[in-house]
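Before any comments, here is the structure.
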There are 2 protein chains.
Amino acid sequence: MDDAVDTMLGQWACTRPDVDVSPLGVIGRVSRASRLLERGVKEFLGEHGLEAWEFDMLTTLLRSGDDATMCMKDLSAAAMISPGALTNRMDRLVERGLVDRRPAPGNRRMTLVTLTDEGRRLANDLLERHTAHEDRLLSGLSATDRDALAGLLRKLLLSMGDTAPL
Amino acid sequence: MDDAVDTMLGQWACTRPDVDVSPLGVIGRVSRASRLLERGVKEFLGEHGLEAWEFDMLTTLLRSGDDATMCMKDLSAAAMISPGALTNRMDRLVERGLVDRRPAPGNRRMTLVTLTDEGRRLANDLLERHTAHEDRLLSGLSATDRDALAGLLRKLLLSMGDTAPL
DNA sequence: ATGGAAATGTTCAATGTCAAAATTTTTGAG
DNA sequence: CTCAAAAATTTTGACATTGAACATTTCCAT
């Protein structure tokens with residue numbers, strides 16, 4: 001059985017048999033898998049009244065430590081978005097009452113963001129159901145497959161310098 | 001050596017040791033790899049005066065067959081974007097002289113899009129250098145690794161129903 | 001035949017993103 | 001001490017995307 005990328009590679013083999021398009025077999029699939037998985041996650045969270053980026057911000061804060069506090073710079077790096085986009089997101093999370101924003105004591109350049117009680121409860125409540133749903137999204141792969149896939153992707157990510165920003 | 005996702009999983013192990021977050025080891029890495037690869041592709045194409053979406057449209061048409069022609073619906077499906085966004089993109093590509101747009105003979109609902117000579121030349125010229133650059137992006141993986149990675153992702157994609165739209 | 005449903009594109013309003021400029025605060029060299 | 005450079009965030013402006021509403025054309029069961 002061919003997936004969408006196999007079809008694409010077959011088209012290239014007809015159109016430009018002189019070019020080695022094999023890297024597309026990896027990069028095209030990473031890209032498509034990412035978009036399809038993202039769609040699945042979005043669908044699940046939407047049923048619970050959250051945008052994917054909202055859950056992402058909440059869980060990033062939740063797992064950051066007991067005080068669930070980070071500065072804007074670290075948050076924008078963790079979410080891989082621009083500083084301007086992060087300001088926009090935090091404005092809306094503050095408005096929804098899910099996070100608090102306050103100046104950092106001792107360094108007035110920085111702004112600290114913390115989960116409110118409600119934000120923390122929401123993130124904690126949803127976390128387990130969220131991962132259970134992700135597990136279903138991966139149901140086409142055995143445990144062995146998942147380990148192998150994660151290992152190969154780790155190798156690729158490390159070669160591109162994707163170490164933790166912390 | 002830990003990548004960014006290992007760090008994330010370690011944080012969850014501290015914060016919520018009761019939850020099985022292992023699916024994140026796969027989904028998180030697919031997502032991060034996709035964004036990093038996309039960034040690398042964007043950088044390369046930018047050096048040649050093209051946006052990533054422009055190259056994507058051009059090559060989609062190029063590999064579609066000898067006449068390099070598709071209807072709007074198929075193009076929007078291939079690019080995974082909304083019909084409205086595609087109209088916008090084609091407006092700009094027509095303006096740049098890279099594609100032609102004309103009503104389909106025999107079915108006046110449809111609009112056909114074709115590469116111009118200039119668009120075809122640009123896509124053909126850039127294709128080889130583009131795939132060579134993608135090859136460099138994957139240089140952290142051996143040929144065996146790449147095959148294994150592509151195979152696992154195909155399995156995942158097929159389980160999510162990602163067969164070719166044609 | 002024919003009238004309603006489906007298919008195909010385009011337009012439009014709302015929203016989100018990014019890049020760059022502006023603002024505020026800190027740091028450090030002289 | 002002081003002023004210039006650096007750091008962290010916010011503001012601003014341009015632009016792309018989505019989803020919904022709309023217009024046109026085709027299909028099909030009556």
Side-chain angles (χ1 to χ4, degrees), chain A residues 31 34-36 38-39 41-43 45-46 49-57 60-61 64 69-96 99-114 165-166, chain B residues 31 34-36 38-43 45-47 49-57 60-61 69-96 98-114 165-166:
Chain A
S31 172
S34 175
R35 299 192 65 167
L36 287 175
E38 193 176 335
R39 187 177 298 177
V41 167
K42 195 170 193 163
E43 188 176 358
L45 291 174
L50 274 185
E51 300 290 328
W53 65 262
E54 293 180 304
F55 188 69
D56 189 33
M57 292 292 111
T60 299
L61 286 167
S64 74
T69 297
M70 293 176 74
C71 71
M72 295 289 277
K73 181 174 171 40
D74 290 345
L75 268 176
S76 76
M80 297 176 94
I81 61 174
S82 70
L86 183 66
T87 294
N88 181 350
R89 290 184 176 189
M90 286 306 137
D91 287 347
R92 283 173 290 158
L93 285 178
V94 168
E95 187 140 9
R96 270 192 76 166
V99 307
D100 273 337
R101 177 158 44 181
R102 64 174 197 282
N107 188 341
R108 282 182 296 185
R109 272 180 305 187
M110 288 202 281
T111 301
L112 296 183
V113 177
T114 309
L166 310 179
Chain B
S31 171
S34 175
R35 300 192 65 167
L36 288 174
E38 193 176 334
R39 187 177 299 177
V41 167
K42 194 169 194 166
E43 187 176 359
L45 291 173
E47 292 167 6
L50 276 185
E51 300 291 328
W53 68 263
E54 294 180 304
F55 188 70
D56 188 35
M57 292 293 110
T60 299
L61 286 167
T69 296
M70 294 177 73
C71 70
M72 295 290 277
K73 179 173 173 41
D74 289 346
L75 268 176
S76 75
M80 298 175 94
I81 60 175
S82 70
L86 185 67
T87 295
N88 182 358
R89 288 184 178 189
M90 286 308 137
D91 288 345
R92 282 174 288 159
L93 285 178
V94 168
E95 185 139 9
R96 270 191 75 165
L98 299 176
V99 308
D100 273 337
R101 175 158 45 181
R102 64 174 197 282
N107 187 340
R108 283 181 296 182
R109 273 181 304 188
M110 289 202 281
T111 301
L112 296 183
V113 176
T114 309
L166 310 177

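As a basis for the values below, the full set of heavy atoms in this structure was taken, side chains included, without hydrogen atoms, waters or symmetry mates. Numbered from 1 within each chain, the chains take letters A, B, ... in sequence-line order.
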(message) For L86(A) and M72(B), find the nucleotide of DNA chain C closest to each by heavy atoms; which residue's nucleotide sits nearer the 5' end?
(response)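 The answer here is M72(B).
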Between [options], which one does the side chain of [X] approach most closely?
X       : options                   : answer
I81(B)  : dT10(C), dT25(C), dT18(D) : dT18(D)
R92(A)  : dC18(C), dT17(D), dG16(C) : dG16(C)
K73(A)  : dT10(D), dA8(D), dG9(C)   : dA8(D)
R109(A) : dT17(D), dA7(D), dT10(C)  : dA7(D)
A85(A)  : dT8(C), dC18(C), dT18(D)  : dC18(C)

Whole angstroms only, please: what is the [atom1]-[atom2] distance between [X] and [N]?
X       : N       : atom1 : atom2 : answer
D74(A)  : dT9(D)  : CG    : C1'   : 13 Å
E54(B)  : dC15(D) : CD    : P     : 14 Å
D91(B)  : dT11(C) : CG    : P     : 7 Å
K42(A)  : dG16(C) : NZ    : C1'   : 11 Å
M70(B)  : dT8(C)  : CE    : P     : 13 Å
R89(A)  : dT9(D)  : CZ    : P     : 16 Å
M110(A) : dT10(D) : CE    : C1'   : 16 Å
E95(B)  : dA16(D) : CD    : P     : 11 Å

(message) Both L112(A) and N107(B) contact DNA chain D. Which one's nearest nucleotide lies toward the 5' end?
(response)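 Looking at DNA chain D, the more 5' nearest nucleotide goes with L112(A).
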(message) Nearest 0.5 Å, please: how far is OG in S31(B) from CZ in R35(A)?
(response) 12.0 Å
(message) For the CG atom of D74(B) and the CG atom of L86(B), what is their distance to the nearest 0.5 Å?
(response) 10.5 Å
(message) Hydrogens and angles aside, do T114(A) and R102(A) bring a side-chain donor and acceptor to less than 3.5 Å of each other?
(response)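 Yes, R102(A) and T114(A) have a side-chain donor paired with an acceptor closer than 3.5 Å.
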(request) Please say whether more than 12 non-hydrogen atoms of neighbouring residues, nucleotides or ligands are located less than 6.0 Å from CZ in R39(A). (result)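 No - once you tally the heavy atoms of other residues, nucleotides and ligands closer than 6.0 Å, there are 12 at most.
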(message) At 4.0 Å (heavy atoms only), tell me whether S82(B) reaches a base, stays on the sugar-phosphate, or touches nothing.
(response) base
(message) Under 4.0 Å from OP1 or OP2 of dT10(D): is there any side-chain N or O of R101(A) that close?
(response) yes
(message) Quick check on dA7(D): is either OP1 or OP2 less than 4.0 Å from any side-chain nitrogen or oxygen of R108(A)?
(response)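 No, R108(A) has no side-chain N/O under 4.0 Å of OP1/OP2 on dA7(D).
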(request) List the steps, then state whether side-chain contact (heavy atoms from CB on, under 4.5 Å) holds for V99(A) with R89(A). (result) CA-CA 11 Å; V99(A) 307; R89(A) 290 184 176 189; over 6 Å; no
